[in-house]
Amino acid sequence: CRCRYLALVPILLDAPVPRAIFCDGSMDAVVATAFVEMARGDLVAARRQFAQQPGENRGAGEPRELPCGALLEAAEQVRKEILHIHEDAQEGDHYVPKLGWDAVEAFDRLDALGRIADKVHEELRAAWEISAEDAARFAQGAGPSELACCVADPNGVDCPLVFVSAGFEELTGYHQFWALGRNCRFMQPKSRTTNMQINRPEFKRIRDFCRLKSKGHMLSLLLNERADRRHFWNALYMQHVYPGGAEAGPSQGGYIFAVLTSVGLQKDALDMLVLQELGGPGSGEGALRAFREALQQREEDFTPSKRSLLELISEVSTAWVKEVGKSITSFWERGHFVPRVGMNAALTFSGMWPIMVDTYSSYLENLLGIQAEGLTALRANKDISLVCAVSDPLGMDCPLAFLSRGFQELTGYNAGFCLGRNCRFLQPSTPGMNEAMNGEELARMREFCLLRGARASQ
């Protein structure tokens with residue numbers, strides 16, 4: 001009888017082994033699988049090459065020459081590929097290797113961006129209020145410059161980004177050449193501890209949405225970080241789109257179109273809650289949950305082609321502030337509850353002050369005696385003699401939309417604090433004194449503001 005033996009020749013790959021291989025997280029498991037498949041693919045190719053080698057120089061019964069050279073060459077190729085991918089794959093505590101470049105090239109080759117633009121054209125104009133020029137640029141496959149948006153391929157390895165807009169680059173600080181081909185988790189807080197404490201409740205929802213690969217959309221609130229480590233609160237919108245048409249089915253070329261919206265209006269409040277949450281279990285967790293639940297409740301009824309997402313976020317954040325804001329220190333000033341719920345009004349009024357000065361120039365000249373030179377200084381907000389402010393009676397809590405330099409000099413409050421808040425922080429901090437000295441006037445002023453607001457809305 002003839003004995004047969006199996007020779008095992010181990011080959012050491014002197015390359016860093018991604019720690020993702022030793023992790024239990026589902027996203028890490030995908031990365032690990034990609035590395036293993038890459039290595040196996042190269043080695044299998046070498047084995048096939050050896051099997052196809054001609055054997056005319058080998059006599060009957062002579063053993064075939066071991067393919068050590070070919071295997072070593074394949075192993076070296078694997079080592080180089082792992083090193084190349086591993087070079088810049090670490091971003092904070094996140095391992096985000098560029099494993100999806102094939103998906104990026106396929107996306108470009110199929111001209112998928114232009115077709116996705118056709119699918120979301122109405123949503124872009126209605127939900128995110130982008131300009132007609134930007135919408136046209138997106139339809140031509142150039143991507144909008146104002147909107148922070150991206151496209152990911154859930155069918156690719158590690159769900160890589162295949163497109164990012166100029167607005168995405170500006171908001172996140174990550175250039176497309178670095179971001180494309182990677183999973184978007186590099187935007188999460190670089191500290192794993194912070195990320196898990198703040199964002200963990202949303203991970204499963206997002207992962208389930210991406211894996212479902214079906215029609216629909218979702219809204220989520222995440223704490224994200226820019227490339228320079230500055231953080232921002234992101235109201236993330238994601239939608240499944242199929243460039244080949246709805247009839248193509250989710251498994252045939254489906255992508256995820258996402259829009260990042262920085263929740264700047266309530267950043268102070270959300271930051272305060274983060275500090276509470278990082279300090280241990282407390283009101284921060286409940287308040288964040290309330291914000292996220294409010295977004296989820298609006299998720300099903302929200303139709304991007306019919307309503308502005310910016311308005312929706314403003315409504316949700318304003319209602320949230322009124323519900324949980326009284327526990328937030330920064331919303332109080334000298335005993336008065338003055339949450340910043342009217343920044344939209346300040347942003348809308350921005351740049352309109354010179355127009356207002358010109359509109360009421362005759363009034364300013366006749367009643368206050370301000371001459372042409374003074375009006376010029378007033379338009380540029382360089383005159384400190386006039387103490388004035390502009391409020392928006394149609395805004396939530398009648399917020400301040402503009403302050404003159406004279407107002408800031410007299411009160412000691414700067415625009416950074418005042419804009420978006422009601423002006424009652426100027427009233428006495430003692431409730432009894434305020435009521436005794438200002439009670440009747442407060443009622444008259446309130447009636448006046450409400451009356452003007454009612455007339456303006458008619």
* Asked: What do the steps show when you test Glu225 against Phe232 for side chain to side chain contact (heavy atoms under 4.5 Å, CB included), and what is the final call?
  -> CA-CA 6 Å; Glu225 279 188 9; Phe232 65 97; over 6 Å; no

* Quick one: are the ring centres of Phe257 and His217 less than 6.0 Å apart? ->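 No; His217 has its ring centre 6.0 Å or more from that of Phe257.
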
* Candidate pair Cys159 and Asp153, rule side chain to side chain contact (heavy atoms under 4.5 Å, CB included), full reasoning -> CA-CA 5 Å; Cys159 193; Asp153 183 357; over 6 Å; no

Nearest-0.5 Å distance, [atom1] of residue [X] to [atom2] of residue [Y]:
{"X": "Asn224", "Y": "Ser262", "atom1": "CG", "atom2": "OG", "value": "9.5 Å"}
{"X": "Ile198", "Y": "His231", "atom1": "CD1", "atom2": "NE2", "value": "9.5 Å"}
{"X": "Asp358", "Y": "Arg379", "atom1": "CG", "atom2": "CZ", "value": "4.0 Å"}
{"X": "Leu171", "Y": "Glu169", "atom1": "CG", "atom2": "CD", "value": "11.5 Å"}
{"X": "Phe407", "Y": "Glu409", "atom1": "CZ", "atom2": "CD", "value": "12.5 Å"}
{"X": "Phe203", "Y": "Asp208", "atom1": "CZ", "atom2": "CG", "value": "13.5 Å"}

Got [X] and [Y] here, is their nearest side-chain heavy-atom distance under 4.5 Å?
{"X": "Met218", "Y": "Ile206", "value": "yes"}
{"X": "Leu378", "Y": "Leu364", "value": "yes"}
{"X": "Phe402", "Y": "Ser350", "value": "no"}
{"X": "Glu202", "Y": "Arg292", "value": "yes"}
{"X": "Leu236", "Y": "Val259", "value": "no"}
{"X": "Val390", "Y": "Trp353", "value": "yes"}
{"X": "Cys184", "Y": "Met187", "value": "yes"}
{"X": "Trp101", "Y": "Glu105", "value": "yes"}

* To do: Mark yes when over 12 heavy atoms from residues, nucleotides or ligands other than Met437 sit less than 6.0 Å from its CE; otherwise mark no.
  =>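 Not buried by this count: 12 neighbours or fewer within 6.0 Å.
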
* Is it true that the NZ or CZ of Arg182 lies under 6.0 Å from the centre of Trp178's six-membered ring and within 45 degrees of the ring axis? ->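 Yes, Arg182 lies over the aromatic ring of Trp178.
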
Does a salt bridge link [X] with [Y], judged by any charged N lying under 4.0 Å from a carboxylate O?
{"X": "Asp93", "Y": "Arg185", "value": "no"}
{"X": "Glu441", "Y": "Arg446", "value": "no"}
{"X": "Arg444", "Y": "Glu447", "value": "no"}

Could you check whether any side-chain N or O of [X] sits under 3.5 Å from a backbone N or O of [Y], counting only pairs where one atom can act as donor and the other as acceptor?
{"X": "Glu299", "Y": "Leu219", "value": "yes"}
{"X": "His94", "Y": "Val96", "value": "no"}
{"X": "Arg334", "Y": "Phe425", "value": "yes"}
{"X": "Arg226", "Y": "Glu170", "value": "yes"}
{"X": "Ser429", "Y": "Gly335", "value": "no"}
{"X": "Arg424", "Y": "Phe337", "value": "yes"}
{"X": "Asp158", "Y": "Pro160", "value": "no"}
{"X": "Arg207", "Y": "Arg205", "value": "no"}
{"X": "Asn422", "Y": "Pro399", "value": "no"}
{"X": "Lys190", "Y": "Phe186", "value": "yes"}

Minimum-distance pair of heavy atoms, taken over all atoms of [X] and [Y]:
{"X": "Phe163", "Y": "Leu180", "value": "N-CD2, 3.4 Å"}
{"X": "Leu403", "Y": "Ala389", "value": "CD2-CB, 3.9 Å"}
{"X": "Pro243", "Y": "Ile116", "value": "CG-CG1, 3.8 Å"}
{"X": "Ala258", "Y": "Met238", "value": "CB-CG, 3.9 Å"}
{"X": "Ala179", "Y": "Val164", "value": "CB-CG1, 4.5 Å"}
{"X": "Ser391", "Y": "Cys398", "value": "CB-SG, 4.0 Å"}

* To do: List the steps and the verdict of side-chain hydrogen bond (donor to acceptor under 3.5 Å, both in side chains) for Gln408 and Asn414.
  => CA-CA 5 Å; Gln408 298 177 64; Asn414 59 36; over 6 Å; no

* **Derivation of the salt bridge (Lys or Arg N to Asp or Glu O under 4.0 Å) call for Arg229 and Glu91** => CA-CA 11 Å; Arg229 303 302 192 263; Glu91 184 67 357; 3.5 Å; yes

* What is the ring orientation for Tyr255 with Phe107, classed by angle as parallel under 30°, tilted 30 to 60°, or perpendicular over 60°? ->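 Perpendicular.
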
* Mind telling me whether Tyr413 and Phe417 have parallel, tilted or perpendicular rings, with 30° and 60° as the class edges? =>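 Aromatic pair Phe417/Tyr413 classed parallel.
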
* To do: Take Leu260 and Cys150, measure what side chain to side chain contact (heavy atoms under 4.5 Å, CB included) needs, and give me the verdict at the end.
  => CA-CA 8 Å; Leu260 290 66; Cys150 58; 4.2 Å; yes

* To do: Walk me through it: do Phe331 and Val338 pass the test side chain to side chain contact (heavy atoms under 4.5 Å, CB included)?
  => CA-CA 5 Å; Phe331 284 1; Val338 283; over 6 Å; no

* **Which residues share a side-chain contact (heavy atoms from CB on, under 4.5 Å) with Asn438, sequence neighbours left out** =>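 Scan of Asn438 (side-chain contact (heavy atoms from CB on, under 4.5 Å), adjacent residues dropped) gives Pro428, Asn434, Leu442.
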
